[in-house]
Participant: 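I am attaching a structure below and will ask some questions about it afterwards.
Computed from a predicted model, the values in this text were never measured in an experiment. Protein chains get the first letters and strands the later ones, always in sequence-line order, with residue 1 at the start of each.
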Number of protein chains: 2
Amino acid sequence: MQMDERKRKILRAIVQDYIATAEPIGSRTIARKFDMGVSSATIRNEMADLEDLGFIEQPYTSAGRIPSDAGYRYFVDCLMDPQVLNPEDMEIIERESTKRINELQEVIAHTSKLLSELTNLTSLVLGPHKGKSTFGKMHFLPYQPGQVIMVIVKENGVVENHIIDVGENLTAEELQQVAGVFNQKMRGYSIGQVKRSILHEIYSELSRQRLLIDNALDMLRAILDDNEDEERIHLGGTLNMLNQPEFKDLSKVKTLFKVFEENESLKKVLTPRQEGLNVTIGGENTLKEFRDCSIISATYKVNGLMIGAVGVLGPTRMDYAKVIAIVDFMTRSLTEVLTKHRR
Amino acid sequence: MQMDERKRKILRAIVQDYIATAEPIGSRTIARKFDMGVSSATIRNEMADLEDLGFIEQPYTSAGRIPSDAGYRYFVDCLMDPQVLNPEDMEIIERESTKRINELQEVIAHTSKLLSELTNLTSLVLGPHKGKSTFGKMHFLPYQPGQVIMVIVKENGVVENHIIDVGENLTAEELQQVAGVFNQKMRGYSIGQVKRSILHEIYSELSRQRLLIDNALDMLRAILDDNEDEERIHLGGTLNMLNQPEFKDLSKVKTLFKVFEENESLKKVLTPRQEGLNVTIGGENTLKEFRDCSIISATYKVNGLMIGAVGVLGPTRMDYAKVIAIVDFMTRSLTEVLTKHRR
DNA sequence: TGTTAGCACTCTCCATCGATGAGTGCTAAC
DNA sequence: GTTAGCACTCATCGATGGAGAGTGCTAACA
């Protein structure tokens with residue numbers, strides 16, 4: 001049996017109606033709502049075929065039909081009109097992205113919020129994978145007696161500042177000397193690459209500032225170590241799930257929310273299989289808790305180097321055309337903002 | 001009618017049993033479970049009295065009794081054994097608080113998480129109210145061509161760094177000169193106090209670095225302006241509410257979660273009426289959405305200056321003794337950590 | 001006077017039952 | 001290939017009617 005034009009038309013009608021109403025739809029309703037030019041009986045026959053093909057299914061005998069995962073997949077791949085994001089949403093995204101935003105962490109939180117508000121679904125944003133952080137440059141600035149501000153510039157351009165103890169009062173010259181040695185010996189190294197010989201050299205050149213060096217190295221280890229923080233996943237609009245009729249059952253909500261608390265699983269889900277846009281439908285999800293959900297995700301770049309991903313999670317019955325348009329536009333906008341920001 | 005010892009004993013039994021089981025309790029059960037030395041009929045009479053006094057109520061005719069808000073209040077004020085935090089929890093808190101934590105924001109997130117995990121309820125943490133931020137000191141450090149790192153030390157000791165454009169390449173001496181002028185003119189001032197005359201002086205002394213000054217002032221305005229971010233409320237364990245039998249009704253969950261999204265209301269709820277520990281029970285809440293909830297909150301200090309608050313939100317039926325002990329210990333620990341951290 | 005036993009009464013909870021209605025699959029006619 | 005007709009299925013909803021828990025009241029008892 002083959003798909004023909006009429007079958008496609010009927011399948012499209014079923015998917016669109018179910019996306020809108022969340023109710024199984026019957027042959028009579030299709031004939032009435034979408035004027036097919038044929039009677040309900042004919043549609044009934046076609047629907048039997050569509051069921052044989054695996055594109056639709058009945059929740060129970062003599063209910064209407066709903067799309068199966070395969071049906072959604074066919075819809076997304078072959079039937080859906082690729083939608084241009086509606087101008088209002090586009091404007092919102094662009095307006096929001098021009099706001100002054102300082103911290104990467106804030107950009108992520110902001111993106112996440114926007115995404116969930118526009119889709120009324122749950123958004124997932126994975127911060128840029130930083131790769132191995134390598135030491136770029138270090139400065140010391142005076143702070144309180146016995147403490148200094150240590151400013152670290154990593155090679156990828158990220159700047160961090162921390163306060164460390166130096167024990168005794170050191171002069172500006174002494175501090176500069178210490179920083180100079182660090183800058184000379186460690187530039188371009190990740191903390192793992194700093195061999196004992198290098199440490200040895202540092203200590204021997206700066207034998208008198210032992211406490212300062214110890215504290216600085218401690219801090220560097222913490223900073224340059226694969227910093228989980230920026231790789232953490234950010235969730236937005238988890239509560240939107242409560243508005244979806246498929247989650248009117250509390251136990252379903254709970255299992256879903258339990259997953260939300262496990263960062264590792266989420267990271268795996270969102271980590272892109274390939275660059276660009278991905279659509280994962282229902283049972284295609286590796287995570288069994290998401291077998292009733294679909295995920296639209298896309299990657300973004302910064303300087304072509306760091307790679308992160310944003311995604312939207314919703315029930316399998318979601319407005320694919322719209323969500324895809326939003327996610328697509330959002331990643332483009334995000335790439336642009338981040339590139340501008342750290343030019 | 002007066003409360004006597006037996007009435008108190010019965011009320012305590014009702015509250016404790018209801019806290020544990022979430023089921024209305026009847027006279028027969030009380031007589032059986034807690035050996036009162038009297039028959040159920042006697043307890044029945046006493047319960048009728050307690051109901052007249054307003055301490056207990058029936059959800060419906062011929063169900064058992066449950067404590068009223070007034071009943072909980074009486075329990076908390078007069079009946080409850082003040083509980084010492086159990087050693088395991090105490091150890092957890094102390095172990096966690098010794099972890100290296102750099103950012104204030106992280107301390108807050110961490111506290112919130114810990115609090116919700118220990119209580120199985122929802123935690124609220126209000127970051128320190130920073131008051132007006134005033135300018136302390138500024139430094140410039142080299143970054144990329146055309147950009148520099150601006151390090152701001154506020155008078156309260158907070159250090160921030162930001163990257164700003166300087167247009168042309170400036171020498172280290174020029175940068176130091178600019179910073180010197182800022183440090184001399186603006187020390188101790190909040191951005192609102194910087195009068196036009198001061199700006200005028202800065203511009204006239206540094207007529208050539210116009211772009212740098214403009215950008216620096218822009219950034220200072222953003223940084224010193226009442227930074228909402230650090231005053232934002234942090235929620236933890238919102239999902240714990242789903243495990244409470246009183247929220248098995250989805251619509252209740254939704255109204256509650258809606259409030260969670262309004263930071264302003266939450267801030268108001270948590271902003272302490274007085275220093276130290278506060279218990280707000282059910283209908284005592286000003287927020288009508290929280291009329292079925294109780295809040296245990298407490299304030300914490302940093303250097304006796306900044307004041308924030310932590311709180312735990314749960315159903316009216318909560319284990320007051322335990323939660324109070326946890327919140328109390330937690331604020332003490334928090335005060336200690338923060339004081340040590342920014343000594 | 002306080003305590004207890006007994007009893008009728010109330011009200012929720014739960015399972016059962018039947019009517020309703022939406023929708024299907026099949027057959028036969030067009 | 002399309003359509004009308006019809007029997008059949010199954011979820012939903014409201015009504016019904018025990019079962020069980022708990023109360024309030026009365027009367028007896030110490």
Participant: Within the structure shown, what part of the strands sits under 4.0 Å from B:Arg28 by heavy-atom distance: base, sugar-phosphate, or nothing?
Facilitator: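 Nothing: the residue B:Arg28, judged by heavy atoms under 4.0 Å, touches no strand.
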Participant: Grab the CD1-P distance between B:Ile43 and D:dG24 for me, whole Å please.
Facilitator: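 The answer, rounded to whole Å, is 13 Å.
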Participant: Can you tell me the distance, in whole Å, between the NZ atom of B:Lys7 and the C1' atom of C:dG2?
Facilitator: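 It is 12 Å, rounded to the nearest whole Å.
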Participant: Are A:Ile56 and A:Glu51 close enough that some pair of their side-chain heavy atoms sits under 4.5 Å apart?
Facilitator: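 Result yes, sub-4.5 Å side-chain heavy-atom pair found.
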Participant: For the residue pair A:Met47 and A:Gly26, what are the closest heavy atoms and their distance?
Facilitator: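 Distance-wise, the nearest heavy atoms are CE-C, 4.4 Å.
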Participant: When you measure from the side chain of A:Ala48, which nucleotide among D:dT2, C:dG25, D:dT23 comes out closest?
Facilitator: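 Looking only at side-chain atoms, A:Ala48 lies closest to C:dG25.
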Participant: What is the distance, rounded to the nearest whole Å, between atom CZ of A:Arg65 and atom P of D:dA11?
Facilitator: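 Answer to the nearest Å: 15 Å.
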Participant: Would you say that A:Leu11 contacts A:Phe75 through its side chain, given a criterion of any heavy-atom pair below 4.5 Å between the two side chains?
Facilitator: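 A side-chain contact under 4.5 Å is absent here.
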Participant: Nearest heavy atom decides the nucleotide; on that basis, is B:Tyr60 or A:Gly26 closer to the 5' end of DNA chain C?
Facilitator: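 Between the two, 5'-proximity favours B:Tyr60.
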Participant: Would you kindly give the CD-to-C1' distance between A:Glu46 and D:dT3, to the nearest whole Å?
Facilitator: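 Value for this atom pair: 14 Å.
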Participant: Return the value, rounded to whole Å, for the distance between atom CE of A:Met47 and atom C1' of D:dT2.
Facilitator: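 Checked: the CE to C1' distance equals 17 Å.
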Participant: Regarding B:Ala41, tell me which of base, sugar-phosphate or nothing describes its non-hydrogen contacts under 4.0 Å with the strands shown.
Facilitator: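 Base, at least one base heavy atom under 4.0 Å.
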Participant: Among D:dG24, D:dT3, D:dC10, which nucleotide has an atom closest to any side-chain atom of A:Asn45?
Facilitator: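 Nearest to the side-chain atoms of A:Asn45, counting from C-beta on, is D:dT3.
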Participant: Report which part of the nucleic acid B:Thr42 touches: base, sugar-phosphate, or nothing (heavy-atom distance under 4.0 Å, all strands).
Facilitator: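 Base contact.
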Participant: Please work out if A:Ser40 contacts a base, only the sugar-phosphate, or nothing of the nucleic acid, heavy-atom cut-off 4.0 Å.
Facilitator: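 Contact class for A:Ser40: none.
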Participant: So does B:Glu46 pair up with B:Arg6, basic N to acidic O under 4.0 Å?
Facilitator: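 Yes, charged N to carboxylate O under 4.0 Å.
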Participant: Does a side-chain N or O of A:Arg44 approach OP1 or OP2 of D:dG5 to a distance below 4.0 Å, or not?
Facilitator: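 No, no such contact exists.
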